[in-house]
Amino acid sequence: MDAFQKAHQALCLYGDLKRSKTAGGEKTQAFVAQITAAMAQLSTDEQLTLQSIFILQMTQEETAEAVDCDPSTIARRKRRAIERLALFLYPDSYLQENGF
């Protein structure tokens with residue numbers, strides 16, 4: 001699994017955990033804190049896009065309507081945000097996969 005896919009999978013799990021609102025164990029709390037810290041490094045637009053899609057479970061179209069932009073803009077923001085998260089969360093894999 002490449003870094004982008006791992007970051008996407010991590011966001012899916014993060015969304016599930018945020019929606020369940022359970023404290024979880026020490027590892028769960030550390031995971032949530034790690035994703036939260038990585039997301040804090042994204043732009044506000046990227047953060048809102050990921051929160052809408054992965055936590056609120058809105059579609060890209062619903063997200064676009066909520067922020068009054070084109071769905072293709074949301075798709076680009078989502079992809080760019082996941083790529084950036086992959087770099088923050090899995091730097092060695094991401095850099096190797098991208099020829100660095």
Side-chain angles (χ1 to χ4, degrees):
M1 181 180 309
D2 69 17
F4 182 90
Q5 291 171 319
K6 288 195 290 189
H8 187 274
Q9 188 175 39
L11 281 167
C12 291
L13 179 57
Y14 177 77
D16 290 344
L17 292 169
K18 293 296 273 187
R19 283 189 308 279
S20 72
K21 298 183 191 275
T22 58
E26 199 172 299
K27 286 184 180 182
T28 300
Q29 290 174 357
F31 171 78
V32 169
Q34 180 184 24
I35 303 299
T36 301
M39 285 186 63
Q41 297 180 59
L42 302 176
S43 73
T44 302
D45 287 340
E46 291 170 333
Q47 288 179 42
L48 290 173
T49 297
L50 294 182
Q51 289 169 354
S52 296
I53 293 169
F54 290 99
I55 297 172
L56 300 177
Q57 295 187 302
M58 295 170 67
T59 65
Q60 289 182 174
E61 290 77 17
E62 291 169 333
T63 302
E65 188 176 319
V67 297
D68 195 29
C69 71
D70 194 81
S72 64
T73 300
I74 297 301
R76 281 191 305 276
R77 282 182 192 163
K78 177 185 171 190
R79 176 143 190 93
R80 184 177 53 240
I82 295 172
E83 286 175 351
R84 292 187 63 208
L85 280 179
L87 178 58
F88 297 141
L89 298 170
Y90 313 105
D92 294 338
S93 297
Y94 182 86
L95 293 171
Q96 183 179 15
E97 292 161 11
N98 289 285
F100 294 102

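Just so you know, these numbers use all the heavy atoms, side chains as well, and skip hydrogens, waters and symmetry mates. As the structure is a computational prediction, the values presented were derived from the model and not from experiment. Numbering starts at 1 and runs along the sequence shown.
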Exercise. How about Q9: does its CD atom have over 12 heavy atoms from other parts shown lying under 6.0 Å from it?
Worked result: no
Exercise. Quick one: are L89 and I35 in side-chain contact, heavy atoms under 4.5 Å?
Worked result: yes
Problem set entry | Exceeds 12 heavy-atom contacts within 6.0 angstrom, atom CD of E65 | no
Exercise. Can you check whether L11 reaches I53 side chain to side chain, under 4.5 Å on heavy atoms?
Worked result: no
For this session: For the residue pair Q57 and R19, establish whether any side-chain heavy-atom pair is separated by less than 4.5 Å.
Result: yes
Problem set entry | F54 side chain reached by I82 side chain, heavy atoms, under 4.5 Å | yes
For this session: Could you tell me the separation between the CD1 atom of I74 and the OG atom of S52, rounded to the nearest 0.5 Å?
Result: 7.5 Å
Exercise. Any side-chain heavy atom of D2 within less than 4.5 Å of one from S93?
Worked result: no
Exercise. Got more than 12 heavy atoms from elsewhere within 6.0 Å of NZ, K18?
Worked result: no
For this session: From the options R80, R77, K78, select the one residue that forms a salt bridge (Lys or Arg N to Asp or Glu O under 4.0 Å) with E46.
Result: R80
For this session: Identify the two heavy atoms, one from A86 and one from A3, that lie closest to each other, and give their separation to 0.1 Å.
Result: CB-O, 3.5 Å
For this session: State, yes or no, whether a side-chain contact exists between R76 and T73 at a heavy-atom distance under 4.5 Å.
Result: yes
Exercise. Cluster question for you: counting only ILVMFWY and a side-chain heavy-atom cut-off of under 4.5 Å, with indirect links fine, are L17 and M58 together?
Worked result: no
Seminar exercise, completed: Taken to the nearest 0.5 Å, the spacing of T63 OG1 from L56 CG works out to 8.0 Å
Problem set entry | Distance (rounded to the nearest 0.5 Å) between Q47 CD and Q41 CD | 10.0 Å
Exercise. Looking at S43 and R84, what are the two nearest heavy atoms and their distance?
Worked result: N-NH1, 3.8 Å
Problem set entry | F88 side chain near M39 side chain, heavy-atom distance below 4.5 Å | no
Exercise. How long is the gap from CZ on F4 to OH on Y90, to the nearest 0.5 Å?
Worked result: 12.5 Å
Problem set entry | Distance in Å, Q29 CD paired with T36 OG1, rounded so as to fall on 0.5 Å steps | 11.5 Å
For this session: Return yes when atom CD of Q96 has more than 12 non-hydrogen atoms of other residues, nucleotides or ligands closer than 6.0 Å, and no otherwise.
Result: no
Problem set entry | Side-chain heavy-atom pair L50, I55 within 4.5 angstrom cut-off | no
